[in-house]
Amino acid sequence: MTSTKLLVGAYRKSATKSFSTSSASLGRHYKLLIVGSGSGGCATASKFSKKLGAGHVGIIEPKDDHYYQPWFTLVGGGIKKVEDSGKKMSEVIPKKADWLKTTAEAFDPKNCTVTTATGEEIKYDFLVMACGLQLNYNLIKGLPEGFDKDPMLCSNYDYEYVQKTWPAIQKFKGGNAIFTMPNTPVKCAGAPQKIMYLAEEAWQKSGVRDKSTVMYNTSLSVLFGVKKYAAGLHKVVDSRDIKINYQRNLIEVNTDKREAIFQKLDSPGETQTYKYDFMHITPPMSTPDPVRKSCLVDEAGYVDVDQGTLQHKKYPNIFAIGDCFNAPTSKTAAAAASQSGYLEKNLTAVMSGKPAYAKYDGYTSCPLITGREKCIMAEFNYDSLPLETFPIDQGKERRSMYHVKKDIIPIIYWNMMLKGYWNGPAAYRKLMHLGTDGPEKLKDSY
Ligand code: UQ1
């Protein structure tokens, strides 16, 4: 896996101005500094560099490439190519923003500075934390090295390991196929099971399904947190004879014996060992180490914001967007898109001396692919109530929703969201429900 540290200080000529912190002049000061150029960071940089003009927005990001991570499910399922999942960072960071190609190592919110890996202190008037989540494969004994030893271990969450998924699915000749979900919040909580449905379907077609047990070993005690979509998923699981083992948290992989050891969260101190012939692993995740160790986070290690305004609870000139904060919604790019609209309003207000006023409702969406050409399009809010865009029942498997996910949303993502022009589908939801009782009415029946 690429270490972010290795990239620190690297300097690449690119379309977007990029600064190595070692070669640029010291003592820089930005009106708005953004930490991270994932989906939330880019959308924010686009919106505010247009408003504030060139030279006033800085964005700290060490990586060379930006990946559209929802694509990885399709790569693992043999539907899309990994090469098409990303673009050069220089192409997605807006031209009017300064790209600081390094990592943020320390935060001093009282003095409004961020110290980078090269020791530069960058000053800001306003800070947006958009640093996402880090993948902690190393917290599972036997990983990450196990991925190099066993071709039947794969993981859609990582650019390298996702490339093992489809070959492993094709190689599987029967036995135990295990799909895991860890004991931490993850980005896209549906992804650990989407790949299971794609794999199971492939095994039905290749004829190995009758010789195999397909298991979803999840740390949670429910299949999905929203009743309506959990009901739809349970129908899928039952009809396809998939076994769900609740409260099982993967702690060790022994590649020599092909054994996976799970902590039994319902019987403290006990473990359970499963033989595996194929395993898809979703790793534990956390905010990046420097953020997790900073004073910006709550006890659980997430940036501590007001769940409505996304403003930091202690430092009013700091906001957060995307996967890194502690508001209780499901972490997805769709959530970040919706948040970007509220963040724009609130940060603009605070920049002109007014209070933050716009209240994010927790909107998030998870296109739950259940097979090639099938998808349950979950959309919901903080109260786990469905907030559906289309005037159809999205709790059922639908071909139309599969094509929305596979063909339409990537176009929206690259051409609208990253450029600051997509705040989620809320406006379209109202339009789509004109002439019906509307989603508000539908909500009552859930
Ligand atoms: C969405 O807005 C979005 O942001 C770009 C996604 O990102 C990957 C999504 O997956 C989804 C589902 C949405 C919601 C949009 C529609 C049309 C339901």
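No hydrogens, no waters, no symmetry mates; every other heavy atom, side chains included, goes into these values.
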Side-chain (Glu388) to main-chain (Gln394) donor-acceptor, under 3.5 angstrom:
yes
Using the side-chain contact (heavy atoms from CB on, under 4.5 Å) rule, take Val253 and Tyr137 through it: C-alpha gap first, then chi angles, then the decisive distance, then the call.
CA-CA 11 Å; Val253 181; Tyr137 288 104; over 6 Å; no
Quick one: does Thr180's side chain have a donor or acceptor within less than 3.5 Å of a partner on Thr282's backbone?
yes
Indicate, with yes or no, if the rings of Phe319 and Phe325 have centres closer together than 6.0 Å.
no
Side chains of Asp266 and Arg248, heavy atoms from C-beta outward: is any pair under 4.5 Å?
yes
Decide, yes or no, whether a salt bridge links Lys228 with Asp393 under the criterion of side-chain N to carboxylate O below 4.0 Å.
yes
Identified salt bridge (charged side-chain N to carboxylate O under 4.0 Å, His left out) partner of Glu200 from the options Arg372, Arg240, Lys374:
Arg240
With side chains defined as the heavy atoms from C-beta onward, is the minimum distance between Phe48 and Ile59 less than 4.5 Å?
no
Aromatic rings Tyr229 and Phe224: how do their planes relate, parallel, tilted or perpendicular, breaks at 30° and 60°?
perpendicular
Determine the minimum heavy-atom distance between Val186 and Pro283, stating which atoms define it.
CG1-O, 4.1 Å
Look at the side chain of His312 and the backbone N and O of Leu296, then say whether any donor-acceptor pair between them is shorter than 3.5 Å.
yes
List the steps and the verdict of salt bridge (charged side-chain N to carboxylate O under 4.0 Å, His left out) for Glu344 and Lys51.
CA-CA 10 Å; Glu344 180 177 17; Lys51 280 182 204 276; 3.6 Å; yes
Step by step, would you call Asp150 with Tyr276 a side chain to side chain donor-acceptor pair (under 3.5 Å)?
CA-CA 11 Å; Asp150 189 345; Tyr276 73 86; 2.7 Å; yes
Which heavy atom of Glu252 sits nearest to which heavy atom of Ile140, and what is that distance?
N-CG2, 3.8 Å
Can you tell me how far the NZ atom of Lys88 sits from the CD1 atom of Ile93, to the nearest 0.5 Å?
12.5 Å
Yes or no on side-chain contact (heavy atoms from CB on, under 4.5 Å) for Asn346 and Leu310, after CA distance, side-chain angles and deciding distance?
CA-CA 8 Å; Asn346 288 332; Leu310 307 179; 5.6 Å; no
Are Asn245 and Tyr274 packed together at the side-chain level, in the sense that at least one heavy-atom pair is separated by less than 4.5 angstrom?
yes
Classify the ring geometry of Phe72 against Tyr67: parallel below 30°, tilted from 30° to 60°, perpendicular beyond 60°.
tilted
Donor-acceptor contact present, side-chain Gln307 to main-chain Gly362, <3.5 Å:
no
Distance under 6.0 Å and angle within 45° of ring axis: Lys396 vs Phe390
no
For a quick test of reading the model, state the closest non-hydrogen atom pair linking Leu153 to Phe147 and the distance between them.
O-CD2, 3.8 Å
Would you find more than 12 non-hydrogen atoms of other residues, nucleotides or ligands less than 6.0 Å from Lys227 atom NZ?
no
Are Val305 and Asn326 packed together at the side-chain level, in the sense that at least one heavy-atom pair is separated by less than 4.5 angstrom?
yes
Is it true that Asp65 and Lys87 make a salt bridge, defined as a side-chain N closer than 4.0 Å to a carboxylate O?
no
Do the charged groups of Glu397 and Lys235 touch, with an N to O distance under 4.0 Å?
no
Do the side chains of Thr165 and Val75 get nearer than 4.5 Å, heavy atoms only?
no
Pairs meeting criterion salt bridge (charged side-chain N to carboxylate O under 4.0 Å, His left out) with involvement of residues 289-308, two or more places apart:
Asp289-Arg292, Asp304-Lys313
Would you check if the distance from the ring center of Phe179 to the ring center of Phe278 is below 6.0 Å?
yes
Nearest non-hydrogen partners of Asp361 and Asn381, listed with the distance:
O-CB, 3.2 Å
If every non-hydrogen atom of Lys331 is compared with every non-hydrogen atom of Asp323, which pair is closest and at what distance?
NZ-O, 3.0 Å
Might you confirm whether atom NZ of Lys50 has over 12 heavy atoms from other residues, nucleotides or ligands at distances under 6.0 Å?
yes
Checking Lys405 side chain against Ile376 main chain: does a donor-acceptor pair fall under 3.5 Å?
no
Residues that Lys211 engages under side-chain contact (heavy atoms from CB on, under 4.5 Å), provided they are two or more places apart:
Val208
Keeping the roles fixed (side chain from Gln311, backbone from Pro316), state whether a donor-acceptor pair exists under 3.5 Å.
yes
Short side-chain to backbone donor-acceptor contact, Glu201 and Gly371, under 3.5 Å:
no
Check Cys324 against Met129 and note the closest heavy-atom contact, atom names and distance.
SG-O, 3.5 Å
